[in-house]
Amino acid sequence: MRRDFCDGVGIARLLNATLVLPKFEVASYWNETSGFADVYDVDYFIKHMNGFVKVVKELPPDIASKEPVRVDCSKRKGQFDYFESVLPSLLKHKYISITPAMSQRRDRYPLYAKAALCQACYKALRLTRSLEMKASQLLDAIPKPFLSLHLRFEPDMVAYSQCEYPDLSPASIKAIEAAQVDRKPWTGELARVWRLRGKCPLTPNETALILQSLSIPLTTNIYLAAGDGLMEIEGLIDTYANIVTKSSLLSREDFTSMHGNTKAALDYYVSINSDSYIATYFGNMDKMVSAMRAFNGLYKTLFFSRRGFAQLTSQGLNGKELKQALWKLHRDDFAKGRGSALSECFCEFKL
């Protein structure tokens with residue numbers, strides 16, 4: 001949502017449009033009810049976007065009663081796609097709602113649109129004071145130094161991947177089947193090819209193996225940045241004992257009163273401030289965290305290679321031989337650190 005909102009700011013500037021604070025439309029999937037103001041400091045955002053994009057909290061009364069015209073931006077890439085196909089709808093209807101465009105080419109934006117996007121992403125979006133205070137308390141409670149590990153092995157994640165995991169516990173298999181709905185896993189040769197393409201999330205046990213291959217000490221303090229319902233976690237905890245989570249550090253009252261978005265915001269805050277950050281799945285949070293860490297000069301960031309792991313294990317490697325191959329696979333990124341920030345965001349724009 002943070003990524004899509006940053007993109008929305010860039011598009012609003014591109015079209016010289018006023019931006020209305022968004023509503024999070026995730027209730028149907030994540031049973032989520034929190035809104036923008038529950039996570040981000042609205043007044044701070046509006047103030048720091050002044051001069052870049054005009055932002056309003058609510059629609060004017062004469063428009064508020066109308067449903068927005070929905071414009072699909074999923075195939076839009078550069079600025080001219082928006083000028084030619086989105087701008088006419090905005091001018092005609094005055095009020096449109098856009099869907100995110102994962103295929104966007106932000107590098108094709110003019111500088112003024114890039115400047116607005118960068119301002120939103122790296123300077124104007126701040127957690128609410130109460131949430132930032134809670135995140136800061138959580139950060140203080142974690143033993144130092146520590147590694148933040150973003151591990152994705154929840155039932156919905158595995159079900160969405162359509163990957164086979166025959167060696168899981170009966171409880172995990174049951175949870176995955178409940179989350180699958182109509183997304184059945186690939187089987188046979190298709191399953192093998194899918195895994196070799198790096199489409200399958202790493203299990204906690206596989207994660208522990210890669211950590212050991214990189215000679216990360218078993219006594220390392222690890223903050224587990226993960227959603228509720230993480231499966232097979234014993235495979236990691238049995239190897240790395242010094243693991244803490246937000247649920248173990250926050251009071252029960254604090255934890256149970258929080259929504260999914262606010263819990264994810266805590267993980268984001270801790271991860272951008274951790275001594276090191278490792279992700280087992282290069283998803284949206286990982287892209288945003290690595291970009292912010294790079295922006296702040298924190299380069300101890302690493303993404304495990306699911307494709308590389310699958311290819312090595314498919315060759316029959318195991319034991320010491322597999323660990324050596326995994327070290328070589330990750331060596332360059334491990335030594336240099338890695339970030340994926342929009343390069344222009346490291347510059348200051350004078351508009």
Side-chain angles (χ1 to χ4, degrees), residues 1-24 26 35-56 73 76-79 82 98-128 131-132 135 148 150 225 261-262 264-274 277 279 282-299 301 303 337-351:
M1 288 183 289
R2 184 185 178 100
R3 182 208 65 190
D4 290 343
F5 184 62
C6 292
D7 287 342
V9 170
I11 295 169
R13 181 64 184 92
L14 197 63
L15 302 179
N16 196 27
T18 297
L19 183 72
V20 184
L21 291 181
K23 294 180 180 179
F24 294 160
V26 294
F36 185 89
D38 294 311
V39 180
Y40 297 112
D41 186 329
V42 172
D43 293 330
Y44 183 90
F45 177 76
I46 293 175
K47 176 183 177 181
H48 284 78
M49 289 311 299
N50 185 37
F52 291 87
V53 171
K54 183 181 179 182
V55 182
V56 296
C73 294
R76 315 295 175 225
K77 293 184 178 180
Q79 58 175 315
Y82 289 96
I98 59 174
T99 55
M102 294 185 68
S103 59
Q104 276 191 83
R105 289 293 302 272
R106 301 168 193 84
D107 57 313
R108 296 179 180 176
Y109 284 6
L111 287 181
Y112 61 84
K114 288 180 181 177
L117 186 151
C118 294
Q119 178 73 3
C121 249
Y122 295 97
K123 294 184 178 180
L125 278 177
R126 184 178 76 175
L127 299 181
T128 62
L131 188 54
E132 190 169 81
S148 180
H150 189 212
N261 284 334
T262 48
L266 294 184
D267 284 340
Y268 174 81
Y269 182 92
V270 169
S271 295
I272 64 173
N273 290 290
S274 61
Y277 179 75
F282 190 46
N284 292 318
M285 174 168 164
D286 307 309
K287 294 170 184 176
M288 296 303 296
V289 168
S290 64
M292 184 60 79
R293 287 177 61 84
F295 186 77
N296 292 331
L298 300 172
Y299 291 100
T301 303
F303 309 118
R338 178 178 171 187
S340 61
L342 183 66
S343 57
E344 288 85 350
C345 288
F346 291 100
C347 305
E348 290 187 3
F349 292 98
K350 294 183 178 179
L351 302 181

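Please read these numbers as outputs of a predicted model, since none were measured by experiment.
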remark   = On a heavy-atom basis, the closest approach of P110 and L14 is CD-CD1, 3.5 Å
ask   = Which pair of non-hydrogen atoms, one from T128 and one from A37, has the smallest distance, and what is that distance?
value = CG2-O, 3.3 Å
inquiry  = I need the Y268 OH to L125 CG distance, nearest 0.5 Å.
reply    = 8.0 Å
query = What are the two closest heavy atoms between G8 and L19, and how far apart are they?
reply = O-CD1, 4.3 Å
Output a table of donor-acceptor pairs, distance under 3.5 Å, between side-chain atoms of residues 41-56 and any protein atom two or more places apart or on a different chain; print 'none' if there are none.
| from | atom 1 | to | atom 2 | distance (Å) |
| --- | --- | --- | --- | --- |
| D41 | OD1 | D43 | N | 3.4 |
| D41 | OD1 | Y44 | N | 3.1 |
| D41 | OD2 | R126 | NH2 | 2.9 |
| D43 | OD1 | K57 | NZ | 3.0 |
| H48 | ND1 | Y44 | O | 2.9 |

task = With side-chain contact (heavy atoms from CB on, under 4.5 Å) as the test, would you mind laying out the steps for T262 and L266 before giving the verdict?
result = CA-CA 6 Å; T262 48; L266 294 184; 5.9 Å; no
key: Inter-residue atom distance R3.CZ - L117.CG, 0.5 Å rounding   = 11.5 Å
Donor on one side chain, acceptor on other, S274 and S148, under 3.5 Å = no
query = Are the ring centres of F5 and Y40 closer than 6.0 Å?
reply = no
ask   = How far does CG of D7 sit from SG of C121, to the nearest 0.5 angstrom?
value = 7.5 Å
Least distance between heavy atoms, M288 atom then C6 atom = CE-SG, 4.4 Å
request  = Sequence neighbours left out, what passes side chain to side chain contact (heavy atoms under 4.5 Å, CB included) with A264? Give chain and number order.
outcome  = none
task = Hey, could you give me the NZ/CZ distance between K123 and F295, rounded to the nearest 0.5 Å?
result = 5.5 Å
Point-to-point distance, once rounded to the nearest 0.5 Å, from NE2 of H150 to OG of S290 = 12.0 Å
ask   = What pair of heavy atoms forms the shortest contact from A291 to Y122, and how long is it?
value = CB-OH, 3.2 Å
request  = Under the side chain to side chain contact (heavy atoms under 4.5 Å, CB included) rule, collect the residues that match up with N273, sequence neighbours excluded.
outcome  = L139, Y269
message = Does N261 form a side-chain contact (heavy atoms from CB on, under 4.5 Å) with M1? I'd like the steps, not just the answer.
response = CA-CA 9 Å; N261 284 334; M1 288 183 289; 2.8 Å; yes
task = Measure the spacing between OH of Y299 and CZ of R293 and express it to the nearest 0.5 Å.
result = 11.0 Å
request  = Determine, stepwise, if the pair S271 / M285 fulfils side-chain contact (heavy atoms from CB on, under 4.5 Å).
outcome  = CA-CA 10 Å; S271 295; M285 174 168 164; 3.9 Å; yes
task = Taking side chain to side chain contact (heavy atoms under 4.5 Å, CB included) as the test, write out the residues that go with A265, two or more places apart.
result = V39, L127, L131
